Amino acid sequence: MADDDLTAKREAFALAYVETGNASKAYRTAFDVKEGTKPETVWSDASRLLANPKVAARVAELQAMARDMALVSVGTLTKELEEARSMAMTEKTPSAAISATMGKAKLHGLLVEKVEATGKDGAPLVPETSSRELAKAISYLLAKGLKAKASG
């Protein structure tokens with residue numbers, strides 16, 4: 001079911017319900033609930049909304065998506081990459097095998113790309129300051145702070 005089958009508030013309710021597991025909290029998140037509204041009223045409205053077939057179908061769809069995402073792990077990805085590497089070796093495609101091996105190394109943090117950060121035209125990001133300039137700046141800031149403290 002596409003999320004455009006629901007109003008924006010019902011979609012927000014479904015998302016909040018899947019995230020929190022609490023229908024009343026999801027209802028308060030998605031709808032403009034006045035501060036004095038009784039909890040029983042919120043619960044009743046939330047329950048009615050959950051019983052709506054379109055909302056219930058969307059909640060089920062979102063829960064399935066969340067379940068699928070939760071099942072993806074370093075272990076499952078490693079297994080998939082190893083299967084791809086094995087198939088590449090069988091098919092005699094070394095570049096694909098190398099790519100799968102590199103993917104496993106990155107996934108496990110064994111391969112880290114190093115990047116040197118520089119400014120425009122290779123200049124340092126932080127300009128070098130002489131100790132004399134630094135001393136001047138510190139003196140200025142201290143003097144300014146003392147003046148502010150004396151006048152305050």
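If you're wondering where the values come from, they're calculated on a predicted model, not measured in any experiment.
- Listed by chain and residue number, H108 satisfy the side-chain hydrogen bond (donor to acceptor under 3.5 Å, both in side chains) test with T78 (two or more places apart in sequence, or in another chain).
- A search for side chain to side chain contact (heavy atoms under 4.5 Å, CB included) contacts involving K38 returns E40, T41, not counting sequence neighbours.
- Summarising the hydrophobic clusters (Ile, Leu, Val, Met, Phe, Trp, Tyr; side-chain heavy atoms under 4.5 Å, direct or chained), the residues clustered with M87 are none.
- Note on F13: it clusters hydrophobically with M65, by side-chain heavy-atom contacts below 4.5 Å among ILVMFWY residues.
- Partners of Y27 according to the ring pair (Phe, Tyr, Trp, His ring centres under 6.0 Å) rule, which considers only residues two or more places apart in sequence or in another chain, are F31.
- Residues passing the salt bridge (Lys or Arg N to Asp or Glu O under 4.0 Å) test with R85, sequence neighbours excluded: E82.
- Evaluation of the side-chain hydrogen bond (donor to acceptor under 3.5 Å, both in side chains) rule for T37 yields no partner, not counting sequence neighbours.
- The two residues A56 and L50 have their closest heavy-atom pair at CB-O, 3.5 Å.
- Here the straight-line distance linking atom CZ of R58 with atom CG of N52 works out to 13.5 Å at 0.5 Å rounding.
- Across all their heavy atoms, A88 and A97 have their closest contact at CB-N, 3.4 Å.
- Put simply, the side chain of T29 does not reach to within 4.5 Å of the side chain of E19, judged on heavy atoms.
- Here the closest heavy-atom approach between residue K25 and residue N22 is recorded as N-OD1, 2.8 Å.
- Its side chain outside the 4.5 Å cluster rule for every partner, M89 clusters with none of the Ile, Leu, Val, Met, Phe, Trp and Tyr residues.
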Table please: side-chain donor-acceptor pairs of residues 42-49 below 3.5 Å, with sequence neighbours left out.
{"from": "S44", "atom 1": "OG", "to": "R48", "atom 2": "NH2", "distance (Å)": "3.1"}
{"from": "D45", "atom 1": "OD1", "to": "R48", "atom 2": "NH1", "distance (Å)": "3.0"}
{"from": "S47", "atom 1": "OG", "to": "W43", "atom 2": "O", "distance (Å)": "2.9"}

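- Atoms CG and CD, on D5 and E11 in that order, are 9.5 Å from each other to the nearest 0.5 Å.
- Applying the salt bridge (Lys or Arg N to Asp or Glu O under 4.0 Å) criterion to D32, with sequence neighbours excluded, gives K9.
- Taking every heavy atom of both residues into account, L81 and G103 meet most closely at CD1-C, 3.6 Å.
- Neither M102 nor L107 shares a network with the other; the hydrophobic side chains, linked directly or stepwise wherever heavy atoms of I, L, V, M, F, W or Y lie under 4.5 Å apart, form separate groups for each.
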Counting only pairs under 3.5 Å, give me each side-chain donor-acceptor contact of residues 66-74, with atom names and distances, residues two or more places apart or in other chains.
{"from": "S73", "atom 1": "OG", "to": "G75", "atom 2": "N", "distance (Å)": "3.2"}
{"from": "S73", "atom 1": "OG", "to": "T76", "atom 2": "N", "distance (Å)": "3.2"}

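- Under the side chain to side chain contact (heavy atoms under 4.5 Å, CB included) criterion, S95 pairs with no residue at all, not counting sequence neighbours.
- The salt bridge (Lys or Arg N to Asp or Glu O under 4.0 Å) check on K79 picks up nothing, with sequence neighbours excluded.
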